[in-house]
Structure formats: structure tokens, C-alpha cells
Amino acid sequence: MKEQLLQSPVFHMAATQFERVADFLELGEEIRERCKWPKRLITVTMPVRMDDGRTEVFFGHRVQHHLSRGPVKGGLRYHPSVDLGEVAALAMWMNWKCALMRLPYGGAKGGIACNPRAMSDGEKERLTRRFAMEMLPFIGEEVDVMAPDMGTDEQTMAWIVDVYSTYAGHLVPGIVTGKPLELQGSAGRKAATGHGVAFLASRALNKLGIQAPGATAVIQGFGNVGYYTAETMSGYGIKVNGISDVTGAIWNDGGLEIRALHNHVLETGGVAGFGEAEAIDPGALLMQECDVLVPAAVERVITKDNASGLRCRVLAEAANGPTTPEADAIIEERGDIYLIPDVLCNAGGVTVSYFEWVQNLQRFQWDEREVLTKLETMLEGAFERFQQYVRAEKVSHRMAALFLGIQEVARVKQVRGLFP
Ligand code: NAD
């Protein structure tokens with residue numbers, strides 16, 4: 001199994017990052033192995049009746065990296081490229097992220113290999129309900145709490161609440177986060193990840209002495225995270241010149257009108273063809289001059305082939321794992337890009353998920369202002385700890401963010417000892 005996981009390029013990348021930090025921390029072999037490998041890897045097959053009468057069998061995975069610090073927490077992804085290695089890597093990153101943010105969670109991730117863009121709502125509902133049923137023995141408010149990720153949304157979470165609650169015999173809203181408000185979702189959750197990305201990008205600009213109003217940004221991905229990042233940045237006066245998604249990339253020198261673009265995407269399914277912009281090559285988009293570059297789509301898009309050509313001042317990693325270790329080395333060597341590593345940059349999502357879970361357990365609701373204020377306070381705290389660590393230890397931004405998370409997990413493993 002170890003070898004199988006390491007053959008996955010995404011898991012290999014997460015494991016390489018982990019080993020670098022473990023070496024730096026001089027972690028002993030025993031703690032190192034316990035921190036690195038996931039506790040539970042669950043793979044299920046799901047036969048689903050499709051609209052045309054066929055039965056299609058889908059593969060789904062849930063990886064619970066470790067349960068030492070509390071229930072595991074992490075998104076559920078629907079994408080054709082999903083495999084066990086990718087899910088295990090994403091679970092590992094969730095781990096360090098929760099620990100970095102000092103949330104009482106371990107990390108997890110789930111995914112189903114499917115193309116949600118080519119499926120009807122009915123097919124997605126049947127697939128989700130079947131997955132939730134298969135997961136019943138492995139999840140729970142105190143065990144594993146899912147959330148939306150790429151290709152899934154509030155509706156997906158609502159179906160999971162329904163399946164779990166039907167089996168429990170009563171409503172269990174805390175079984176997932178990122179659910180609709182009608183089912184005791186949290187105000188501010190939908191916007192949380194993007195809001196956090198924009199907030200931290202503005203803090204990084206501030207450190208570089210660049211004013212947010214009038215600064216420029218380019219965003220790859222215009223789903224939940226990309227949209228709310230763009231929306232919040234616009235609110236700060238940052239001009240978002242370029243945006244891409246699976247349908248193409250667009251550019252406007254004067255800044256894109258984000259709400260109008262969002263409406264266009266709701267109507268047509270993608271950013272391509274937006275009237276108030278010109279088309280641009282999606283690869284070239286990443287190389288445009290800007291103050292903030294935000295990869296907010298998939299993994300491994302900043303590579304050794306394009307890292308030296310980036311022309312941004314801040315690289316805000318909204319997506320998980322967008323930068324390969326080879327590209328990291330180039331960015332470190334260049335020294336002119338302020339990297340906000342993924343485990344910090346997109347932590348707004350899991351932080352507000354935590355708030356949602358706490359509200360559910362207490363049967364209490366906070367308003368959006370309270371949620372976003374608490375979020376900014378927690379992000380500011382993590383950002384300051386990260387900055388201090390970079391200054392004190394003179395390490396790269398990637399190392400500092402991972403160090404703060406991994407050290408926390410290693411300490412808990414150490415103090416809990418070995419069972420039996
Ligand atoms: P989403 O499905 O809502 O949107 C994904 C977007 O990326 C879509 O616009 C899609 O068209 C685009 N995309 C996909 N492949 C692309 C490519 N090759 N080039 C350009 N665009 C591409 O997903 P999301 O929830 O916005 O998640 C995006 C990223 O953020 C993922 O890496 C996810 O793990 C991470 N993330 C999400 C959350 C969350 O709260 N949703 C939290 C933390 C991290």
C-alpha cells in the first residue's frame with residue numbers, strides 16, 4: 001500500500017513536502033511514520049442507475065489521515081481524475097491545515113471519480129446518496145465530518161444530511177458542513193474560503209508595501225473559491241484582470257466586472273464568451289504581470305516549466321497543492337514572490353466549517369458579521385505565527401506553514417503515546 005500511494009504523483013508531492021519538514025524538525029523514525037501514513041483508507045464501488053437506464057459503477061474514496069486531535073474534517077470532491085493517492089494527499093494537507101489553524105480536527109478527504117459536468121442532477125443525487133450509505137459505518141459528528149470541494153456544493157451536503165439523518169432517526173446537521181442555511185448551515189460558509197484568500201492576499205500586499213486599492217490580480221478557477229476570492233478582492237478595490245476555468249480564459253485591462261461574469265457563468269456554464277473581455281490562452285494567463293496570482297482550481301499547475309516565468313508579487317494558493325516541489329525550489333531561489341502556502345491560504349473554508357459544526361453541536365446560530373469577524377481574527381493569528389516563524393527560523397514560506405502544522409500533530413502523537 002505504501003508503494004501504491006507513493007506512485008501517485010500528488011501523494012508523492014505531499015510526502016516529499018512532509019519529509020523535508022520532518023528532516024528539519026529532526027522527527028524520530030517512529031513519530032515520522034505515524035504522522036506520514038493515513039489511518040484509514042476506504043474505497044467503495046457504487047452502482048448507480050443512470051438516466052438512460054444503464055447501471056454505471058463508480059469508485060469512491062475516503063481517507064482519514066489521523067484521528068489523534070479530534071474528528072477528521074475534509075471535503076468531498078467529484079472529478080474525473082480522482083484516485084486514492086490524490087485523496088490521501090489532500091487528506092494529509094487537511095491535517096497540517098487544521099493543526100496550523102489550531103482547530104480540534106484531524107484531516108480527511110473524499111472523492112468520487114466522475115464527471116459532474118456531464119451528469120444530471122438526478123444522477124448526482126443517486127450517486128451521492130449511495131456514497132453516503134456506503135460511508136455510514138465510517139462517519140459521524142465525532143468521527144468524520146465532510147464538506148464541499150471541487151465538483152460538489154451545498155446540495156450535495158444536503159443529500160448526505162438526509163441519508164445520515166434518515167438512518168439515525170433524527171436530524172444530524174453536524175454530520176457535514178457547507179450545507180444550506182435551511183439545514184442549519186452557517187452564514188458566511190459559502191464565501192469563507194475565497195474571503196480568507198482575499199483577506200490573506202491583502203495582508204501579504206500590505207507586508208510588501210503595496211496598497212490593495214489599485215493592485216491587480218489574476219485567478220485560475222471560477223468556482224466557489226475563485227468566485228468569492230474575486231468578489232472580495234473587488235470589494236477591496238483590487239482589479240481582477242484575468243480569470244480562467246475549464247471553458248477557457250478571459251482578460252480585461254480595466255478589470256473584470258465580477259458579478260456580471262458570475263451571471264454569465266450561471267447562464268452559460270463557463271467564463272468563455274463573456275462579452276466584456278477578450279479571450280486569452282489559459283497557460284499564458286498564469287504568466288501575466290499582476291500583483292496577486294491565485295491558482296484556485298486543481299493541483300500541480302505551477303511547475304518547473306512555468307515557475308521562472310511568473311510575473312506576480314504574491315502567489316496566493318487558493319487551491320490545494322497547486323505548486324510542485326520543483327517549482328517551489330525555483331520560487332524560493334527567485335526570492336521575489338511572496339508565497340501564501342495552500343494550508344494557510346485556503347484555511348478560511350475549514351475554519352468556518354469548524355464554526356458551523358460548533359453552532360450545530362450547540363443548536364445555535366451566529367450572523368454573518370460575527371462569523372467573518374471571527375474568521376479574520378483566526379486567520380490573522382495564524383498569519384502572524386507564520387510570519388514570526390519565517391523571520392525567526394529564516395525558512396521558506398512553505399516550510400514555515402507546514403512546520404507549524406506538522407509539529408502540532410507530532411506533539412499530540414508523542415504525548416498520547418502508543419496503543420496498546
Ligand atoms: P469548484 O468545483 O467550485 O470550482 C473549480 C473551478 O476550477 C471551476 O471554475 C472549474 O471550471 C475550474 N477548473 C477546473 N480545472 C481547471 C483547469 N485545468 N484550469 C482552469 N480552471 C479549471 O471547486 P472549488 O470548491 O472552488 O475548489 C477549488 C480548489 O480550492 C480545489 O483545489 C479545492 O480543493 C480548494 N479548496 C476548496 C475549498 C472550498 O471551501 N470549496 C476549501 C479549501 C480548498
Side-chain angles (χ1 to χ4, degrees), residues 10 14 73-82 86-87 89-91 93-94 97-98 101 107-111 114-117 124 146-157 176-179 185-186 188-197 200 218-231 242-250 261-262 264-266 268-272 274 280-286 293-303 306 316-323 340-354 356 375 379:
V10 191
K73 187 87 196 74
L76 173 64
R77 169 178 293 197
Y78 290 179
H79 194 270
S81 75
V82 161
E86 177 185 285
V87 175
L90 290 162
W93 284 321
M94 274 306 291
K97 188 185 304 179
C98 292
M101 292 305 297
K109 204 77 177 191
C114 65
N115 180 3
R117 286 176 68 86
K124 282 189 278 192
M146 296 191 201
D149 192 76
M150 219 159 58
T152 58
D153 56 19
E154 287 189 333
Q155 182 58 67
T156 322
M157 296 302 114
V176 294
T177 59
K179 56 192 169 287
S186 176
R189 172 60 185 90
K190 229 166 141 177
T193 309
H195 185 91
V197 171
L200 290 171
V218 165
I219 303 178
Q220 181 194 48
F222 198 61
N224 173 278
V225 179
Y227 166 60
Y228 283 106
T229 300
E231 176 74 10
I243 293 186
S244 67
D245 69 6
V246 279
T247 66
I250 55 169
L261 177 61
H262 185 55
H264 171 81
V265 171
L266 291 178
T268 66
V271 301
F274 181 55
I280 177 173
D281 175 72
L285 181 78
L286 300 177
L293 175 62
V294 187
V298 287
E299 301 89 40
R300 304 190 324 122
V301 291
I302 311 289
T303 66
N306 61 10
E317 293 187 331
N320 287 303
T323 309
I340 313 176
D342 50 3
V343 290
L344 172 64
C345 192
N346 66 34
V350 71
T351 304
V352 175
S353 273
Y354 165 64
E356 182 175 331
L375 169 64
L379 287 175

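We count ligands from 1, going down the list as the structure has it; atoms in each ligand are counted the same way.
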If you look at every heavy atom in [X] and [Y], which pair is closest and at what distance?
X      : Y      : answer
Glu317 : Cys345 : O-CB, 3.2 Å
Ala319 : Ala297 : CB-N, 3.6 Å
Ala192 : Leu375 : O-CD2, 3.9 Å

For [atom], what is the closest protein heavy atom, and at what distance to 0.1 Å?
atom                    : answer
atom 2 (O) of ligand 1  : Gly151 N, 2.9 Å
atom 32 (O) of ligand 1 : Ala297 O, 2.9 Å
atom 9 (O) of ligand 1  : Phe222 N, 3.0 Å
atom 3 (O) of ligand 1  : Asn224 N, 2.9 Å
atom 18 (N) of ligand 1 : Val298 CG2, 4.0 Å
atom 33 (C) of ligand 1 : Asp149 OD1, 3.2 Å
atom 5 (C) of ligand 1  : Met150 CG, 3.8 Å
atom 15 (N) of ligand 1 : Val246 CG1, 3.5 Å

Taking 4.0 Å as the limit for heavy-atom contacts, which would you say applies to [X] with ligand 1: side chain only, backbone only, both, or neither?
X      : answer
Arg189 : side chain
Arg77  : side chain
Gln220 : side chain
Ala296 : backbone
Ala147 : neither
Thr193 : side chain

When you compare ligand 1 with His79, is there at least one nitrogen or oxygen pair between them that comes in under 3.5 angstrom?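 In this structure, His79 places no N or O atom under 3.5 Å from an N or O of ligand 1.
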One pair to check against side chain to side chain contact (heavy atoms under 4.5 Å, CB included): Val350 and Cys98. What are the steps and the verdict? CA-CA 7 Å; Val350 71; Cys98 292; 4.0 Å; yes
Using the six-membered ring wherever Trp is involved, compare the ring planes of His262 and Tyr227 and label them parallel, tilted or perpendicular (cut-offs 30° and 60°).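 Aromatic pair His262/Tyr227 classed parallel.
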Nearest neighbour of atom 8 (C) of ligand 1 from the list Gly223, Gly74, Pro116, on a heavy-atom basis: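 Among Gly223, Gly74, Pro116, the closest heavy atom to atom 8 (C) of ligand 1 comes from Gly223.
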For atom 26 (O) of ligand 1, the option (of Val225, Ile219, Val301) bearing the nearest heavy atom: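 Minimum heavy-atom distance to atom 26 (O) of ligand 1 goes to Val225.
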From CA spacing to verdict: side chain to side chain contact (heavy atoms under 4.5 Å, CB included), Thr268, Thr247: CA-CA 10 Å; Thr268 66; Thr247 66; over 6 Å; no
Contacts of type salt bridge (Lys or Arg N to Asp or Glu O under 4.0 Å), residue Arg77, not counting sequence neighbours: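 Result, salt bridge (Lys or Arg N to Asp or Glu O under 4.0 Å) vs Arg77: Glu86, Asp149, Glu299.
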The criterion is salt bridge (Lys or Arg N to Asp or Glu O under 4.0 Å); which residues satisfy it with Lys73, sequence neighbours excluded?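 Applying salt bridge (Lys or Arg N to Asp or Glu O under 4.0 Å) to Lys73 gives none.
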Output the list of atoms in ligand 1 that are nearer than 4.0 Å to some heavy atom of [X], sorted by atom number.
X      : value
Asn346 : 43 (C), 44 (C)
Ser244 : 20 (C)
Asn320 : 32 (O), 33 (C), 34 (O), 35 (C), 36 (N), 44 (C)

Treating Thr152 as the side-chain partner and Leu76 as the backbone partner, does any N or O pair qualify as donor plus acceptor under 3.5 Å?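 Yes; at least one donor-acceptor contact below 3.5 Å.
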Closer than 3.5 angstrom, by distance alone: can the side chain of His264 be matched with the main-chain N or O of Ala272 as a donor-acceptor pair?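 Yes; at least one donor-acceptor contact below 3.5 Å.
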Applying the side-chain contact (heavy atoms from CB on, under 4.5 Å) test to Lys190, which of Val352, Asp153, Asn224 qualifies?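 Of the listed options, the one satisfying the test is Asn224.
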Between Leu286 and Gln220, does a side chain to side chain contact (heavy atoms under 4.5 Å, CB included) hold up when you go through it step by step? CA-CA 8 Å; Leu286 300 177; Gln220 181 194 48; 4.1 Å; yes
Passes side chain to side chain donor-acceptor pair (under 3.5 Å), Asn346 versus Asn320? Steps please. CA-CA 8 Å; Asn346 66 34; Asn320 287 303; 3.0 Å; yes
Ala318 heavy atom under 4.0 Å from ligand 1: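 Flag set, Ala318 near ligand 1.
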